There are 2 protein chains.
Amino acid sequence: MQNKLAEISTVIGDKTRINMLCLLMDGRAYTATELSIAVDIAPSTASVHLNKLVEQKLIECLKQGKYRYFRLASPAVAQLLESLMNLTSSLQSIPSTTPDELKYCRTCYDHMAGKIAVDLLSFMKQEAWITGENEYSLTPIGSESLTQMGLNIKEIVTTKSKKRFAYACLDWSERKEHLSGLLGSQLLKFILDKKWCTRHPHSRELIVTPSGKKSLSRYFNITI
Amino acid sequence: MQNKLAEISTVIGDKTRINMLCLLMDGRAYTATELSIAVDIAPSTASVHLNKLVEQKLIECLKQGKYRYFRLASPAVAQLLESLMNLTSSLQSIPSTTPDELKYCRTCYDHMAGKIAVDLLSFMKQEAWITGENEYSLTPIGSESLTQMGLNIKEIVTTKSKKRFAYACLDWSERKEHLSGLLGSQLLKFILDKKWCTRHPHSRELIVTPSGKKSLSRYFNITI
DNA sequence: ACCATATTTCGTTCAGGAACGAAGTATGAA
DNA sequence: TTCATACTTCGTTCCTGAACGAAATATGGT
């Protein structure tokens, strides 16, 4: 019991690992190499540290191709780090992402990405429109809400497609999850149809229209 | 800035020191020797550990004659330890497993604890019956009020005792300060004598009697 | 298929620091 | 005063674990 506690605290109690955890405090996921560069150690050393942190469930690892993204495992970990920072009274403000347009709203393959998409997913989770960890299912609440919004959910749900229905995709700029899968792509299609956003002619940027601002705010409580 | 954080976390990240901190989680002050025995190391080693903890302001030291009493430095430290315990999901995490009654009103060694005791201390502070940060002194107002209530303050003040007169004890469940020391123990004695509370036969719980309710409300503005 | 990049595993080196006991200091008691 | 107890300081030993680079593995791109 206290043994477990001692284990955890020794894992936390390392200069390098604490620095890593601090970097992860912004809620984003970083690759092993990025972290190793940021804290100035060899990748091999970083790998060892990251494994220890994963072992103690302080962070978790998301494989994506040859990359491994690491992020804090739970809000409880963030809270722990925060109380640590409270002690030093050096609660550095979490670096706010300076949203250059592309970071803000764009496409990622066939679905939306950027801050808006991250906010959108977090709204849908919070309002219990969807459930699940990495693979999502639509709840009756979500189904109804989206239908009322104008999406033909019935059609989407009955679509025969090899595509996964809905899952979490890591955003490359925010490094936070956003909605991917059939639901994500249909949602983008819908938003473009409704002209809440329009495509930028030469990039993957999406431009939110005035009516889009209103609707996004109304349906998803997203302010721009 | 992160340097400071790393320092603190390395100090926390030691099996022996964490064990000591856990012992101190009950809010009580222990001597160096007691702690060294409890965690099974030589007194000299304990001394080094305790100094490190003091240096980082995780605990504080109160000299009293040849004894040194150590206790947690602040509620913030208790909170840190609690969030650490949260991670282990060990249900030794206090709040959920503790019956409400025990949280509400009980003894902590020789004085009262629980929500009532916390309220009581905060009332005494607010009404300027006592002054001080962690070590309290009785003010003339406090002295008079308590005397009027029926406590023999003169006798208590002139008692020769190694015990500290009055100090803040960290509450185990509330994580807030309550009154400990000679004054605290005498107050409990008084309250039991007056039958404002009675002891539960097999636990540290205190049961507030009907007349206790009236008196606590009248003298300390505490509603139950 | 080939190479480039991301990450892990392994073996080695090395510094830091945890632990002890002995000797020194401080305080209380007889 | 003298002794006992509480605690600290110092010097030494010893072990853990942080770090590295080289080689292995995994994946993507061309």
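This is a predicted model, so every value here is computed, not measured. Letters A, B, ... mirror the listed sequences (proteins, then strands); counts begin at 1.
Going from atom CG of A:D14 over to atom C1' of C:dA18 covers 16 Å, rounded to whole Å. Taking atom CZ of residue A:R68 and atom P of nucleotide C:dT5, one finds them 18 Å apart after rounding to whole Å. Between the CD1 atom of B:I18 and the P atom of C:dG17 there is a distance of 17 Å, rounded to whole Å. Nucleotide C:dA6 holds its P atom 14 Å from the CZ atom of A:F70, rounded to whole Å. If you take NZ of B:K63 and P of C:dT27, they are 7 Å apart, rounded to a whole angstrom. Residue B:K15 contributes atom NZ, which lies 19 Å from atom P of C:dG17 at whole-angstrom precision.
Ring pair A:W196/A:F220 is perpendicular by interplanar angle, where above 60° counts as perpendicular and below 30° as parallel.
One N or O on the side chain of A:R17 and one on the backbone of A:V11 form a donor-acceptor pair closer than 3.5 Å. Between the side chain of B:S36 and the backbone N or O of B:A42 there is no donor-acceptor pair closer than 3.5 Å. Looking at A:S143, its side chain never comes within 3.5 Å of a backbone N or O of A:T139 through a donor-acceptor pair. A donor-acceptor pair under 3.5 Å is absent between the side-chain atoms of A:T45 and the main chain of A:I41, judged by distance alone. Side chain of B:S47 to backbone of B:P43: no donor-acceptor contact under 3.5 angstrom is found.
Checked for salt-bridge contact, A:E177 and A:K125 meet the test: a charged N lies under 4.0 Å from a carboxylate O.
Less than 4.0 Å separates DNA chain C from at least one heavy atom of each of the following residues of residues 37-53 of chain B: B:I41, B:A42, B:S44, B:T45, B:H49, B:K52.
The nearest pair of heavy atoms linking A:R71 to A:L24 is CA-CD2, 4.1 Å.
Protein chain B contacts DNA chain D from D:dT5 to D:dT9, reading 5' to 3' and using non-hydrogen atoms of the protein with a distance under 4.0 Å.
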